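First listed ligand is number 1; within each ligand, the first listed atom is number 1. Everything numeric here is computed off the predicted structure, so don't read it as measured data.
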Amino acid sequence: MKAHDAMYIGGEWRPAASTETVPVIDPATEQVVARVPAGTAEDVDAAVRAARAALPGWAATPPAERAARLAALRDALAARAEEIAATVTTELGAPPQLAAAVHTGLPIAVAGSYAELAATHAFEEKVGNSTVYSEPVGVVAAITPWNYPLHQIVAKVAPALAAGCAIVLKPAEDTPLTAQLFAEVVHEAGVPAGVFNLVTGLGTVAGQALAEHPGVDLVSFTGSTAVGRKIGALAGGAVKRVALELGGKSANVILPSADLGKAVAVGIANVMSNSGQTCSAWTRMLVHADRYEEAVGLAAAAVAKYVPGERVGPLVSAGQRDRVRGYIEKGLAEGARLVAGGPDAPRDTGYYVSPTVFADVTPDMTIAQEEIFGPVVSLIRYEDEADALAIANGTVYGLAGAVWGEPEEAVAFARRMETGQVDINGGRFNPLAPFGGWKQSGVGRELGAHGLAEYLQTKSLQF
Ligand code: NAP
Ligand code: MG
């Protein structure tokens, strides 16, 4: 696999300050396929300086020109779609079809949406005797996870570019090749030198140095709640803006009026996609007591289609695999009923975990409370709607969810859920809708106009 042994800073690939590297592992083969430089505080400092130097020019660039660069970025991504998909398959383990449709297709769509928003957004409005300008927030530190390597990058970089911000990106150590490819694409799109910079390396070293850097105005982080809490505290101490997209434990609520077969099948597909490594996955399936055993049978049948090595890829790393297996063992130990899957490795090679379905899960069990981030779904029984709502809202998270049933009933239920987005009867993902969490799932929103607003600050002139 192609890898740069340098950082992308100030519009060029510059040697890293240290000779240390981070290995990139193909999780399907367990082989090291490349190495990238391990960034240090020195690299981060160089990148932030380059961003600060580029900021005034880019901030003053007319929105129409920023829109043109974003359209070029979208087109350059589309032109390299096959290479992107192959890279995501290699370093994340995503099956080729998923890598093409979601990991590549979605970020192209998001880049396109910001080309349009940059061109059409009102960066200026009149309020009484004032003119209110929306100005870029400044230098953005973007820290991203590995689960949707390109999407998580584009969901930050595209709105930041549209707003007129300069960016330093620290991508996940497990998926740096997609980030390097993205830097090449930004370069091809004609984004001025220094507006986008990339420092690869470890979160505890490069990520931490970036989050702490006084030259950063906004830290936009996607990842675990544990790290998000630290970054939020750092930003608070420095009176710096922060956006946090964190974990989830979303509920898939199947009301008695639902089409049970469809709700269960789509619910299983939702969790198994990307090997369960989706923050918004509906990992808790809530079913009325009267239809519970029927749902268990349907879930067992539905999950059989998800064969490791075919429709389901490996987990990203040995560490994630061990963590997920640990949760499966915990579920067994706490008395949940195993309906499919289990802790045993389904293949000899690769970080695979068996698609797993648990029944008789009670709301207080560890597997019903903590984010597992693997192909594991828990079926929870409820007695009535009030019970279902208490269970759905009964975690520290609030990122996503689903409700199935007669549409008016489903909407009324969804309106009472403590969560950022709910799909009604299988409603499609909308890349223009605000995405983000309530409670400990985060602070701030990504995507669409709400995502753009995260990168803007206002200035009012009175006349
Ligand atoms: P993570 O460990 O929190 O890492 C996220 C990013 O932060 C990585 O780039 C990581 O670098 C970096 N990092 C780690 N420690 C840091 C520190 N002390 N200071 C600064 N940066 C640091 O999460 P992950 O394992 O990559 O991803 C899985 C988690 O992310 C899950 O909990 C999932 O729910 C959550 N997630 C949430 C969303 C959302 O939109 N809400 C989306 C995707 C994932 P390294 O790669 O070197 O660790
Ligand atoms: Mg890896």
Side-chain angles (χ1 to χ4, degrees), residues 20-25 36-39 41 44 91-92 103 106 110 141-156 168-179 198-213 216 219-235 242-250 271 274-281 283 315-324 327 370-374 395-400 419-421 429 434-447 451 454:
E20 303 263 310
T21 60
V22 181
V24 184
I25 296 170
V36 299
V44 166
E91 62 182 0
L92 177 65
H103 289 289
L106 176 59
V110 171
I143 302 177
T144 56
W146 43 262
N147 65 337
Y148 289 88
L150 185 59
H151 169 68
Q152 305 288 14
I153 291 171
V154 171
K156 297 187 190 306
V168 179
L169 167 67
K170 202 306 279 179
E173 67 183 83
D174 289 320
T175 55
L177 302 180
T178 305
L198 169 68
V199 175
T200 52
L202 305 184
T204 46
V205 181
Q208 174 110 11
L210 182 57
E212 283 175 348
H213 200 291
V216 165
V219 184
S220 179
F221 170 83
T222 301
S224 62
T225 296
V227 176
R229 189 175 282 122
K230 282 191 211 166
I231 288 183
L234 268 179
V242 66
L244 304 171
E245 294 286 345
L246 310 177
K249 191 71 192 175
S250 298
V271 178
N274 212 36
S275 309
Q277 303 168 119
T278 303
C279 46
S280 54
T283 52
L315 298 203
V316 71
S317 63
Q320 283 297 119
R321 175 203 54 198
D322 295 346
R323 196 169 158 260
V324 172
Y327 275 114
E370 295 184 16
E371 180 174 59
I372 297 176
F373 230 56
T395 77
V396 297
Y397 295 113
L399 187 57
T419 190
Q421 47 263 300
F429 181 77
F435 183 95
W438 288 29
K439 303 197 287 189
Q440 289 184 31
S441 287
V443 173
R445 293 292 178 270
E446 294 198 313
L447 304 179
E454 294 284 326

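- Going from atom OG1 of Thr278 over to atom CZ of Phe373 covers 6.5 Å, rounded to the nearest 0.5 Å.
- Salt bridge status for Lys156 with Glu446: present, with a side-chain N to carboxylate O gap under 4.0 Å.
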Mind running side chain to side chain donor-acceptor pair (under 3.5 Å) on Tyr327 and Glu370 for me, showing each step along the way? CA-CA 9 Å; Tyr327 275 114; Glu370 295 184 16; 2.6 Å; yes
Pick out the protein N or O atoms lying less than 3.5 Å from any N or O of ligand 1, and list each pair with its distance.
residue: ligand 1; atom: 3 (O); partner: Ser224; partner atom: N; Å: 2.8
residue: ligand 1; atom: 3 (O); partner: Ser224; partner atom: OG; Å: 2.6
residue: ligand 1; atom: 9 (O); partner: Thr144; partner atom: O; Å: 2.7
residue: ligand 1; atom: 9 (O); partner: Lys170; partner atom: NZ; Å: 3.1
residue: ligand 1; atom: 11 (O); partner: Lys170; partner atom: NZ; Å: 2.9
residue: ligand 1; atom: 11 (O); partner: Gly203; partner atom: N; Å: 3.4
residue: ligand 1; atom: 18 (N); partner: Gln208; partner atom: OE1; Å: 3.3
residue: ligand 1; atom: 19 (N); partner: Gly203; partner atom: O; Å: 3.4
residue: ligand 1; atom: 23 (O); partner: Ser224; partner atom: N; Å: 3.4
residue: ligand 1; atom: 25 (O); partner: Trp146; partner atom: NE1; Å: 3.2
residue: ligand 1; atom: 26 (O); partner: Trp146; partner atom: NE1; Å: 3.1
residue: ligand 1; atom: 30 (O); partner: Gly223; partner atom: O; Å: 3.1
residue: ligand 1; atom: 30 (O); partner: Ser224; partner atom: N; Å: 3.3
residue: ligand 1; atom: 32 (O); partner: Glu371; partner atom: OE1; Å: 2.5
residue: ligand 1; atom: 34 (O); partner: Glu371; partner atom: OE1; Å: 2.9
residue: ligand 1; atom: 34 (O); partner: Glu371; partner atom: OE2; Å: 2.6
residue: ligand 1; atom: 41 (N); partner: Glu245; partner atom: O; Å: 3.4
residue: ligand 1; atom: 41 (N); partner: Leu246; partner atom: N; Å: 3.1
residue: ligand 1; atom: 41 (N); partner: Leu246; partner atom: O; Å: 2.4
residue: ligand 1; atom: 46 (O); partner: Glu173; partner atom: N; Å: 2.8
residue: ligand 1; atom: 47 (O); partner: Glu173; partner atom: OE1; Å: 2.5
residue: ligand 1; atom: 47 (O); partner: Gly203; partner atom: N; Å: 2.7

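- In terms of modelled atom types and a separation under 3.5 Å, the side chain of Lys249 and the main chain of Val396 share no donor-acceptor contact.
- Annotation: ring pair (Phe, Tyr, Trp, His ring centres under 6.0 Å) contacts of His151 (sequence neighbours excluded): none.
- Atom OG1 of Thr419 and atom NZ of Lys439 lie 8.5 Å apart (nearest 0.5 Å).
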